Asks: 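There's a structure below that I have some questions on.
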Amino acid sequence: MTKSNDFFDQVFQVVRLIPKGRVTSYGVIAKYLGGSARVVGYAMNASHTSKPKVHAQRVLNRNGQLTGKHHFETPFLMQELLEQDGVKVKDDQVINFEKIFWDPFIELKID
DNA sequence: GTTTTGACGTAGC
DNA sequence: CGCTACGCCAAAA
């Protein structure tokens with residue numbers, strides 16, 4: 001039992017809360033959980049071991065780019081999954097990224 | 001145990 | 001406007 005497991009789990013939970021057709025970024029989640037963006041990406045790497053499967057494709061970098069596609073089974077899978085969610089992807093970048101951006105500080109805002 | 005690296009982000013030059 | 005540097009923290013070597 002380690003603290004890192006707890007942080008990973010928190011990342012997983014937040015990612016799972018992302019609605020269909022929405023995306024978010026590592027940095028925002030990191031900031032929301034009080035960690036670093038790198039660790040969030042690291043958590044995503046471990047996400048495939050988590051059940052149910054974490055929608056890692058909905059988590060992108062600050063630029064809205066599919067930076068982590070290379071970590072999927074196939075580099076195309078990440079884009080396809082996003083498109084299946086109704087998210088348009090062009091040149092490894094999400095279209096209307098700001099429009100579909102899902103911010104935990106707003107959506108999960110604690111009054 | 002130390003060193004390197006990594007699905008990031010911001011600041012500086 | 002592109003590259004370097006640094007901070008962040010954890011996993012792998």
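Bear in mind the structure is a predicted one, so any value in this text is a computation, not a measurement. In what follows, every chain begins at residue 1, and chains take the letters A, B, ... in the order their sequences are listed.
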Asks: Quick check for you: to the nearest 0.5 Å, what is the distance between A/F76 atom CZ and A/L81 atom CG?
Replies: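 Answer for the CZ-CG pair, A/F76 versus A/L81, is 13.5 Å.
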Asks: Flag yes if A/F12 and A/L17 sit in one hydrophobic cluster, no otherwise; membership is Ile, Leu, Val, Met, Phe, Trp, Tyr, and two members link when side-chain heavy atoms are under 4.5 Å apart.
Replies: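 The answer is yes; both residues are in one hydrophobic cluster.
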Asks: Within this structure, what is the OG1-CG distance for the pair A/T24 and A/D103, rounded to the nearest 0.5 Å?
Replies: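 Reported to 0.5 Å precision, the distance equals 6.5 Å.
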Asks: Considering only heavy atoms and no angle criterion, is a donor-acceptor pair shorter than 3.5 Å present between the side chain of A/R38 and the base of B/dG9?
Replies: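 Side chain to base: no pair present.
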Asks: Could you give the distance from CG (A/D92) to CG (A/L60), rounded to the nearest 0.5 Å?
Replies: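 Reported value, rounded in 0.5 Å steps: 10.5 Å.
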Asks: Describe the nucleic acid contact of A/A46 in one word from base, sugar-phosphate, nothing, applying a heavy-atom distance below 4.0 Å.
Replies: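 It contacts nothing in the nucleic acid.
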Asks: Quick one: A/L33 CG to C/dC9 P, roughly how many Å, whole number?
Replies: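 Checked: the CG to P distance equals 13 Å.
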Asks: Given B/dA7, C/dC8, C/dA11, which nucleotide is nearest the side-chain atoms of A/S36?
Replies: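 The closest nucleotide is C/dC8.
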Asks: Quick one: pull up CG in A/N61 and CD in A/Q93 and give me the separation to the nearest 0.5 Å.
Replies: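 Taking CG in A/N61 and CD in A/Q93, the distance rounds to 8.0 Å.
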Asks: Rounding to an integer number of angstrom, what distance separates B/dT5 and C/dT4 when you compare their P atoms?
Replies: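 Result for the P pair: 16 Å, nearest Å.
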Asks: Atom CE of A/M44 and atom P of B/dG6: how far apart are they, to the nearest Å?
Replies: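 Value for this atom pair: 18 Å.
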Asks: Starting from P on C/dA11, measure out to NE2 on A/H48 and report it in whole angstrom.
Replies: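 Interatomic distance, NE2 of A/H48 to P of C/dA11: 13 Å.
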Asks: If I take atom NE2 from residue A/H71 and atom CG from residue A/L77, how far apart are they, to the nearest 0.5 angstrom?
Replies: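 Rounded to the nearest 0.5 Å, the NE2-CG separation comes to 13.5 Å.
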Asks: In whole angstrom, give me the gap between the P atoms of C/dA5 and B/dT4.
Replies: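 The answer is 15 Å between these two P atoms.
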Asks: Heavy atoms from C-beta onward define the side chain here; which of C/dA11, B/dG9, B/dG6 lies closest to that of A/S25?
Replies: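 Of all the options, the side chain of A/S25 is nearest to B/dG9.
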Asks: B/dA7, C/dA10, C/dC8: which one has an atom nearest the side-chain heavy atoms of A/Y42?
Replies: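 For A/Y42, the side-chain atoms sit closest to C/dA10.
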Asks: Does the side chain of A/W102 come within less than 4.5 Å of A/V28's, by heavy atoms?
Replies: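 A/V28 does not reach A/W102 side chain to side chain.
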Asks: Please report the distance, rounded to the nearest Å, between OH in A/Y26 and P in B/dA7.
Replies: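 So the two atoms are 9 Å apart, to the nearest Å.
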Asks: Would you mind reading off the distance between A/I18 atom CD1 and B/dA7 atom P, rounded to a whole angstrom?
Replies: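 Distance check: A/I18 CD1 to B/dA7 P gives 19 Å.
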Asks: Atom CG of A/L66 to atom P of B/dC8: distance rounded to whole Å?
Replies: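 These atoms are roughly 11 Å apart.
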Asks: With a 4.0 Å cut-off on heavy atoms, is A/N45 in touch with a base, just the backbone sugar-phosphate, or nothing at all?
Replies: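 Base, at least one base heavy atom under 4.0 Å.
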Asks: Which whole-number value in Å describes the distance from A/D6 CG to C/dC9 P?
Replies: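 Rounded to whole Å, this separation is 15 Å.
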Asks: Please list, for nucleotides 10-13 of chain B, all pairs of protein and nucleotide N/O atoms separated by less than 3.5 Å.
Replies:
none

Asks: Does OP1 or OP2 of B/dC8 have a side-chain N or O of A/T67 closer than 4.0 Å?
Replies: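 Result: yes.
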Asks: Rounded to whole Å, how long is the line connecting atom NZ of A/K31 with atom P of C/dC8?
Replies: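 Rounding to the nearest Å, NZ of A/K31 and P of C/dC8 are 15 Å apart.
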Asks: Nearest 0.5 Å please: distance from the OG atom of A/S25 over to the CD atom of A/Q65.
Replies: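 Between A/S25 OG and A/Q65 CD, I get 12.5 Å after rounding to 0.5 Å.
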Asks: Of the nucleotides B/dA7, C/dC8, B/dC8, which has the atom closest to the A/N61 side chain?
Replies: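 Given the options B/dA7, C/dC8, B/dC8, the side chain of A/N61 is closest to B/dC8.
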